[in-house]
Amino acid sequence: MDSKDPKKRGIGFSFALKGILDVFRSEMNFKIHVISAVLVIFIGLITHLSEVEWLFILLAIAMVFLAEILNTAIEQLVNYLFTDYHPVAGKVKDMAAGAVFIASLFALAVGLIIFIPKIVSVIVGH
């Protein structure tokens, strides 16, 4: 594919968007992640996050989205390759789910580190 051809680049971009929409439509966990991200962004706007805080929040959101999309892709591929139960297939799917869990823990830690002081400040009145 000629990367300089705008039509071909546009086609690749449309496939990427289609993939993201497919995950959104089919995966409840991805929908939960999107709703959580929108909520966090809204709270970030209200609390006037600094540029560095925004960078960490956006990094955390991106990591969770990426992990969830890759997890879904791996699950789909494993389900296609192994129509019956296979212990290796189960291990692969568990590992992919573990990646989402790690990304989610990172996002939770970032959110707590950034937002708890802001919430405490509002409660205490400083």
Side-chain angles (χ1 to χ4, degrees):
M1 175 161 74
D2 183 7
S3 63
K4 294 180 184 178
D5 182 356
K7 266 189 183 174
K8 289 184 181 179
R9 246 185 294 146
I11 290 170
F13 196 66
S14 68
F15 288 144
L17 290 176
K18 181 184 180 307
I20 294 167
L21 286 174
D22 286 346
V23 173
F24 182 80
R25 287 185 191 118
S26 67
E27 299 298 318
M28 180 56 74
N29 286 342
F30 193 76
K31 289 176 186 170
I32 292 168
H33 294 311
V34 169
I35 291 166
S36 299
V38 169
L39 181 62
V40 166
I41 290 168
F42 178 72
I43 294 169
L45 291 170
I46 290 172
T47 58
H48 306 287
L49 297 182
S50 70
E51 289 177 0
V52 172
E53 289 170 331
W54 274 118
L55 288 172
F56 276 100
I57 291 293
L58 294 174
L59 173 65
I61 290 169
M63 282 181 60
V64 171
F65 285 179
L66 288 167
E68 189 65 56
I69 290 169
L70 290 172
N71 177 53
T72 300
I74 289 167
E75 282 185 357
Q76 293 285 320
L77 181 60
V78 168
N79 290 343
Y80 176 76
L81 294 174
F82 298 95
T83 54
D84 295 326
Y85 174 78
H86 192 283
V88 172
K91 281 184 177 185
V92 168
K93 290 169 80 170
D94 290 347
M95 290 174 191
V100 177
F101 185 64
I102 290 170
S104 297
L105 287 177
F106 173 76
L108 177 63
V110 167
L112 292 174
I113 290 166
I114 291 173
F115 289 115
I116 284 181
K118 294 180 183 306
I119 292 167
V120 169
S121 177
V122 167
I123 292 171
V124 174
H126 288 118

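Any value given below was found using the heavy atoms of this structure, including those in side chains, with hydrogens, waters and symmetry copies removed.
Residues Ala89 and Val78 share a closest heavy-atom pair of CB-CG1, 3.4 Å. Minimum heavy-atom separation, Ala67 to Ala103: CB-CB, 3.9 Å.
Counting only residues at least two apart or in different chains, side chain to side chain donor-acceptor pair (under 3.5 Å) contacts with residues 20-33 comprise Lys18-Asp22, His33-Glu68. Among pairs with a residue in residues 75-100, those fulfilling side chain to side chain donor-acceptor pair (under 3.5 Å) read Asn79-Lys93, at least two apart in sequence or across chains.
Both Val40 and Val34 sit in one connected hydrophobic cluster of ILVMFWY residues. Membership requires side-chain heavy atoms under 4.5 Å apart, directly or through other members. In terms of hydrophobic clustering, with Ile, Leu, Val, Met, Phe, Trp and Tyr side chains grouped at heavy-atom distances under 4.5 Å, Ile61 and Val52 are assigned to a common cluster. Clustering ILVMFWY residues whenever any of their side-chain heavy atoms sit less than 4.5 angstrom apart, transitively, puts Phe115 in a cluster other than the one holding Ile46. The hydrophobic cluster containing Leu21 does not contain Ile69, counting ILVMFWY residues as joined when their side-chain heavy atoms lie under 4.5 angstrom apart, directly or transitively. Connection of Phe42 to Ile114 is not established within any shared hydrophobic cluster, with ILVMFWY side chains joined at heavy-atom distances below 4.5 Å, either directly or through further cluster members.
Taking the six-membered ring for Trp and thresholds of 30 and 60 degrees, Phe65 and Phe30 have ring planes inclined between 30 and 60 degrees apart.
Atom-to-atom distance recorded for Leu66:CG and Leu59:CG is 9.5 Å, nearest 0.5 angstrom. Remark: Leu105 CG to Leu108 CG distance equals 6.5 Å, nearest 0.5 Å.
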Walk me through it: do Trp54 and Ile41 pass the test side chain to side chain contact (heavy atoms under 4.5 Å, CB included)? CA-CA 9 Å; Trp54 274 118; Ile41 290 168; 4.1 Å; yes
Test log, rule side chain to side chain contact (heavy atoms under 4.5 Å, CB included), inputs Lys118 and Val122: CA-CA 6 Å; Lys118 294 180 183 306; Val122 167; 5.8 Å; no
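Heavy atoms from other residues, nucleotides or ligands lying under 6.0 Å from CZ of Phe56 number 12 at most.
Counting heavy atoms from C-beta on, the side chains of Phe101 and Asn71 never come closer than 4.5 Å.
Residues forming a side-chain hydrogen bond (donor to acceptor under 3.5 Å, both in side chains) with Ser50 (at least two apart in sequence, or on another chain): Glu53.
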